[in-house]
Amino acid sequence: MQDQSDIIRQYYEEVPIQDDYLIKVPELVMMDDEAPDLGSAAKIVAEMAVRKWKATVEGDVLIVGAGITGMQAALDIAEKGYRVVLVEKSSTIGGNMVKLDKTFPTNDCSICTAAPKMVEVSRHPNIKLLTYSEVTRLDGEKGDFTAHVYRKSKYVDPTKCTGCDDCTAVCPVEVVNPFDEKLSRRKAIYIEFPQAVPIIYTIDYEHCVGCGACERACEPQAISFLEKSEDIEVKAGSVIVASGFELFEPLEMRKEYGYGKYPNVITAMQFERLLSSFGPTEGKPRRPSDGKKPKSIAWIQCVGSRSKQLGFPYCSRVCCMYATKEASIIKEAEPDLDITIFYMDIRAYGKDFQQYYEKAMGLGVNYVRARPSSVYQNEDKSITVKYMDTHSRKVGEKTVDLLVLSTAIIPSKENKRLAQKLGLEADDCGFFRSESVLSNPIQSSRSGVYLAGCNQGPKDIPDCVSMGCGAAAKAVVPIKDRKKVRPAEPPAEKDVAGKEPRIGVFVCHCGKNIASYVDVDAVTKYAQALPNVVYTAHEMFVCSEDIQKRIKEKIRDEDLNRVVVAACSPRTHGPLFQDTLVQGGLNKYLFEMANIRNHCSWVHSHEPAKATEKAKDLVRMAVVKAGMLEPLAERTVGVIPRALIIGGGISGMEAAIALSEMGIDSHLVEREKELGGNLRRLHSLFPADVSATDVIAPLIERVRGDPRIAVLTGSELVHVEGFIGNFKGKLKTPDGEKEVEFATAIIATGFREIDLAGRYGYGQSPKIVTQMELEKMLMDGTTPRFKSVVMINCAGAMDEQRPYCCRIGCGVAIKNAKILLQINPKAEISLLYRDIRVFGKEEEEYYADVIEKGVKIIRYLKEAETEVVVGGDGTVRVKVKDSIYSDTHELPADLVVLTAETEGNVATDKIKQMFKVPAGLGNFFSEAHAKIRPLDFSADGVYICGSAHYPKNLADTIAQAQGAASRAAIPIMQGIVKSEGIISVIDPERCSGCGLCVEVCPYTAIELDERKVAVVNETLCKGCGACAAACPSGSARQKGYRDNQILAMIRSAIV
Amino acid sequence: MSDDFEPLIVTFCCNWCSYAGADLAGTSRVQYPPNIRIIRVMCSGMVHPNLVIDALMKGADGVLICGCHPGDCHYLEGNLTAEKRAEAIRLMLEDLGIETERFRLEWVSASEGQRFGKVVKDMVEQIKTLGPSPYRTQRMTQ
């Protein structure tokens, strides 16, 4: 994990902290007439002491909290051209996500997906970071807020600290490390974790003994004990609160589960730290009592969740999956481990969650359905869990080496105080109150202040990211007419055409990362002798700020026209050096990297001599290629200031409204004659008993009356061409064909129930209906007083053909059971279920209430264990094998309601083809990244939201729709899009017109013109090079990767 | 064929998955033999068979192409093209009298640092048992 820290450290060195351009000239009050004339270090300290800063930061949006939600919101706003002030109370940004080892259900490394966002936030010119700071008051109103921010002193000068870690080595004070969930110790001067951003050490004032050891050890003299904390005034037009969550500390459950009493009982977050490669055990979990490898581990679920007595009444939404993740990661690494998860219901409700859960079972993770009553510690410090298996009804005991408690997500303890400071309302638990949990989740109780992330209820990472984007869309509205901040124009490019290559080679030590294993000096000398190389240097950190300056100087002074950096990976650092080239007046494609760290020093650290030889080879290959590089142009194209939204259901309408509020026009295309989508056919909504019509009708009216929204009902998109910024589409409308132009598209086509014909007796009797059909009945008011109702959940779901959970069925069934009970309080209602998956706030409480009202629940395991029998006399009975009591019930029913599995809507296949976007299982569209890019496709300019992505409840749908609007607004608000520089080019002289390239091009970027010559559309081409590899005449070539360039590299590799 | 034969394997890694996987191998400090020279390409599907043949004819002891797993290709189906092409490459190698084992196409995702190391290790071992390329002498005498 070392390299991540380096990456960020190096990035950090490039841009120390955000430039002070946002800060108005501070009021500088000198207490004496002059600063005393002392030695340089002392002088700085003295200056710091006498300065009384009173800074005002002028921003457009203030964001409180820089976890994944706050970071995403900040980026979405900054990308639109507005200035963000991001306030974070800890000394680094990143929040809780960076503590996780991996993320479900893809097992992506958490820090690896979060760190690039952290770096992007810290480098963004429109984002001003205030870490170690807290908002103390919020005055003013929407459009004109003044926040008072208290920035605590880190006692370390951010402009000097290089993050070298010398200070911690000498600090004599050790304290418990909260970042590692108290499993390790850190010094009184610290950074939270190696990849922290900004990478500035912080002195923990509470524990510092003031010995001065760090000050003496600090070479750059960054320690300044006299630095004062400061009050900063932040001006902003709107505020986003993304203050995050805390985890339940099960100390109150010491009696039951022994946390805090027995050393080998830990929380799931502690286990994450044990799994993490930069955690206290470097990714190899050990038990706290003796540091030994555990042979058996158990998890207890719902600790602090789903319990009014001990903890909180709601379901925390993520624990089933994080426990499954932790268990399967460790089981996969050590197949002999004995792993048990004690659960109540497995809430594998999200996209791919059910499959993930089944995979864990396949690995041998043992799931036991039980809520253990107590645990005790044995002499060898192992823990015995006492439980009753609710399947076998047997009481059991399980002894394990390590017990992990899956603790609840709870509101931060400071939330209530923060609510007072910000003038917001909090609920009984301490979560912030949304204007409406159901229909306006992002709007807080104060106008101009928006909520996102887990501070109004537990959420999974992608839901947080979506909501962060949604809040960004809302927060832009009050400031949309302000002046946008545009990136500065780079200096003019040096003309290198026809000039001999003059290559500069910069070799990096990367501290010790390269230099400890590779003889950097020898590599540099070797490079010096290579053809065309006119300048060489080796530096401690080539990516540091001062070396960037030097590269620019050398481009000028040595007249360099190609630059090679031998350091780390072009994937992480290429853009940084390319920026430097651009600033130095060179085309950014005249740059090549030799990866002598990730591909050399780190992987051959046991063979330094061979590593040095390999590094020379890699540098030689890079130099050879650099000599053949040519400048490439990135075309900038204008953008059609309009979006297209496909689907006029709740998602599409909310997206259109959010766009309109940001001042952006859209076409809203709906296949049906009326707007409203599935909600139009629903009676009411879970979990608030709100009439669906009450939600949808005002929205339809609002959309219909909005001059920025062109509604096209009864219409379908039949053809699309073009690219981000400039799409052209053909619509089939009731008035004939219509052409539309748009910059970005939002796909909001929703879902439908699958066809159950032939299963569960569906179609054989009018008494057997689906939930959708029941909704219609309820809406029409034609529902008779049913006496006995059987609901079958997961109809057609979670089998081989459709192995996924529909996410919403349990909630819908419970709500409809409640309504049928209201119609006939004496009705016998049985709900056949597999797991009750009501997750998140409000839902669990609603469910508990319905069960109390007398709905009978019966758990069954698979479709084969239910049978719907239609008798000759028209009577219907349902037979079911009860998996808990192992007996078979036969239930008479005058109504059977099937909670049908869902799938992507009819239009999915066509849209997939038209926009070249993927859809996965169940024909739901596949987002670019399951965790951090939930609303984007890999294809630029196309976004998804709502149930087209996966079925979801109203609040999540609305947050996503507003989030997708934010994403789709970015290119439009920027006003331009840039095409790729690395694209294909076809030599018309050599083209034989065979058309092979046209066939292999995945982006339809090549066409044969009237002369039968292939022509590349430069804006459509993504530069994959498929055409170049297919072309039999050698006329198709990929810029930046021409055959002759690669051949030269190959030949240079072989010596 | 002496024991100290150190093969040289020209390796093409696609930018999106395999190059990142090789980066991760570094980050995770996976140790593998230093016999490969990685050339970054945008997609495994852009490696023209001629490039593979050229490398082997010029005396490389092996060529390894690494791409995204099927379904993960950044460019939709470039890796599948590479797979089809691999078959053709093997036929060409047979014609040229080069052992087809000297060429490999492997899928390495961005999260498979360990796997990348293993692929390299396996291939180096295999080439070591095969011995130097028949064209290597040419390279030595050049």
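Letters A, B, ... mirror the listed sequences (proteins, then strands); counts begin at 1.
For chain B, the nearby parts of A:A1053 are the backbone and the side chain; heavy atoms of each come within less than 4.5 Å. Within the 4.5 angstrom heavy-atom criterion, atoms from both the backbone and the side chain of B:R40 approach chain A. Using a 4.5 Å cut-off between heavy atoms, B:V10 contacts chain A through its side chain alone, with no backbone atom that close. At a 4.5 Å heavy-atom cutoff, B:N35 makes no contact with chain A through either its backbone or its side chain. Contact annotation for B:F12: only side-chain heavy atoms (C-beta onward) come within less than 4.5 Å of a heavy atom of chain A. Only the backbone of A:C1031 comes within less than 4.5 Å of a heavy atom in chain B; its side chain stays farther off. With a 4.5 angstrom heavy-atom cutoff, A:A622 does not touch chain B via any of its atoms. In this structure, chain A has heavy atoms under 4.5 Å from both the backbone and the side chain of B:Q31. Looking at A:M621, only its side chain comes within 4.5 Å of chain B, counting heavy atoms on both sides.
Most heavy-atom pairs under 4.5 Å with chain A, from the set B:A20, B:G45, B:P34: that is B:P34. Across B:V47, B:V63, B:V41, B:I38, the residue that shares the most heavy-atom pairs under 4.5 angstrom with chain A is B:I38. Comparing B:N50, B:T81, B:I39, B:V120 by how many heavy-atom pairs each has under 4.5 Å with chain A, the most go to B:I39.
Side-chain contact of A:D1043 with B:H48: a donor-acceptor pair under 3.5 Å is absent, judged by distance alone.
The main-chain N or O of B:Y75 is never found under 3.5 Å from a side-chain atom of A:K1022 such that the two would form a donor-acceptor pair. Side chain of B:N79 to backbone of B:C68: a donor-acceptor contact under 3.5 angstrom is found. Although no hydrogens or angles enter the test, the distance criterion places no donor-acceptor pair under 3.5 Å between the side chain of A:N598 and the main chain of B:G26.
A cation-pi arrangement is found for A:K625 relative to A:Y1041, the charged atom lying closer than 6.0 Å to the ring centre and inside a 45° cone about the ring normal. Cation-pi geometry between A:K931 and A:F104 is met: the NZ or CZ atom falls under 6.0 Å from the ring centre, inside 45° of the normal.
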Salt bridge (charged side-chain N to carboxylate O under 4.0 Å, His left out), that's the test. Do B:D61 and B:R136 meet it? Break it down for me.
CA-CA 7 Å; B:D61 300 298; B:R136 188 181 168 93; 2.5 Å; yes

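A:F937 has its ring centre no less than 6.0 Å from the ring centre of A:F915.
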